[in-house]
Amino acid sequence: MKKIALSLALSAIVLAPITSIAQQSQDELVQESHQIIQKFAKGLKGELMAAMKKGGPVNAINVCKDKAMDLTDAAGKDNGVTLSRTSLKIRNPKNAPQAWEKAILEQFEARKSKGESPKKMEFSEIVDVDGKKQFRYMKAMGIGKPCLNCHGEKALPAVEVTLSKLYPDDKARGYNLGDIRGAIVLIKDL
Ligand code: HEC
């Protein structure tokens, strides 16, 4: 009897992590998204701030241009998810939102105009895509002071020149402090 109880207890211990991975609740998936995105955003911001300090905003444009997309892809792959950045007013056409992402970005704007701060604004859902379950998460990104250098109303002349050369169809300008610049999107196939 004791033996059976013990082996049952043991198998519960062994099986527990497996079941919890298989049945990660939406809450757990959101928690996981927070961790992945926090780490990613810190890394990207670190690169950006270091480049600004070293060579000013013109130099830092290249970090955003060359590294942002790679860092985003790599952070997704490292964590078994897909990460991306998007916005209603994009700079790089490769970051254009999917239809569902656009709808959520519009909801974020509506929530903001009702007084909600973009700081903790987020969205999550579990959907069926071609018969497979998919977790989708979006976190709003607000405009802070450093962002104004390259996304604000007025940039340094050298920044203006570089940006218009690299992104002739740039829409990501004219933001003010506290605006929603866009969102980080995390997708996980379940
Ligand atoms: C030094 C200039 C610079 C600064 C400062 C900067 N960005 Fe950007 N940002 C860029 C460039 C360049 C791109 C295009 C990146 C690419 O080609 O992938 C970009 C793209 C983005 C995108 C992707 C969507 C799009 O429009 O293509 C988001 C979101 C974004 N920036 C948010 C921010 C936020 C939030 C801040 C402040 C924390 C910030 N940026 C600060 C230059 C900058």
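What you see below is based on every heavy atom in this structure, not just the backbone, and it leaves out hydrogens, waters and symmetry mates. Just follow the structure's listing: the first ligand is 1, and inside any ligand the first atom is 1.
Ring-plane geometry between His34 and Tyr137 is classed as perpendicular, the angle between the planes exceeding 60 degrees on a 0 to 90 degree scale with a lower cut at 30.
Between Thr86 and ligand 1, no N or O atom pair is found at a separation short of 3.5 Å. Polar contact with ligand 1: absent for Asn149 (N/O pair, distance under 3.5 Å). Between Tyr167 and ligand 1, at least one N/O pair is under 3.5 Å apart.
For the residue pair Ser87 and Arg181, a side-chain donor N or O sits within less than 3.5 Å of a side-chain acceptor on the partner.
At a heavy-atom distance under 4.0 Å, only side-chain atoms of Leu48, from C-beta outward, approach ligand 1. The proximity of Arg91 to ligand 1, defined as any non-hydrogen pair under 4.0 Å, involves the side chain as well as the backbone. With a heavy-atom cut-off of 4.0 Å, Asn95 touches ligand 1 through its side chain alone.
Taking a 6.0 Å sphere around CD of Gln38, one finds it holds 12 or fewer heavy atoms contributed by other residues, nucleotides or ligands. Surrounding NZ of Lys67 are at most 12 heavy atoms belonging to other residues, nucleotides or ligands under 6.0 Å away.
The distance from ligand 1 to the heavy atoms of Pro146 drops below 4.0 Å at these ligand atoms: 5 (C). Taking every heavy atom of Pro57 and a limit of under 4.0 angstrom, the matching atoms of ligand 1 come to 1 (C). Residue-ligand proximity, Met141 to ligand 1, at heavy-atom distances under 4.0 Å covers atoms 29 (C), 35 (C). For ligand 1, the atoms closer than 4.0 angstrom to any heavy atom of Gly142 are 35 (C).
A cation-pi arrangement is found for Lys89 relative to Tyr175, the charged atom lying closer than 6.0 Å to the ring centre and inside a 45° cone about the ring normal.
Atom 1 (C) of ligand 1 has its nearest heavy-atom neighbour, among Cys150, Gly152, Cys64, in Cys150. Around atom 19 (C) of ligand 1, the closest heavy atom drawn from Met52, Lys145, His151 belongs to His151.
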Problem set entry | Candidate pair Val185 and Leu83, rule side chain to side chain contact (heavy atoms under 4.5 Å, CB included), full reasoning | CA-CA 6 Å; Val185 184; Leu83 273 191; over 6 Å; no

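For atom 37 (C) of ligand 1, the closest non-hydrogen atom on the protein side is Cys147 SG, 1.8 Å.
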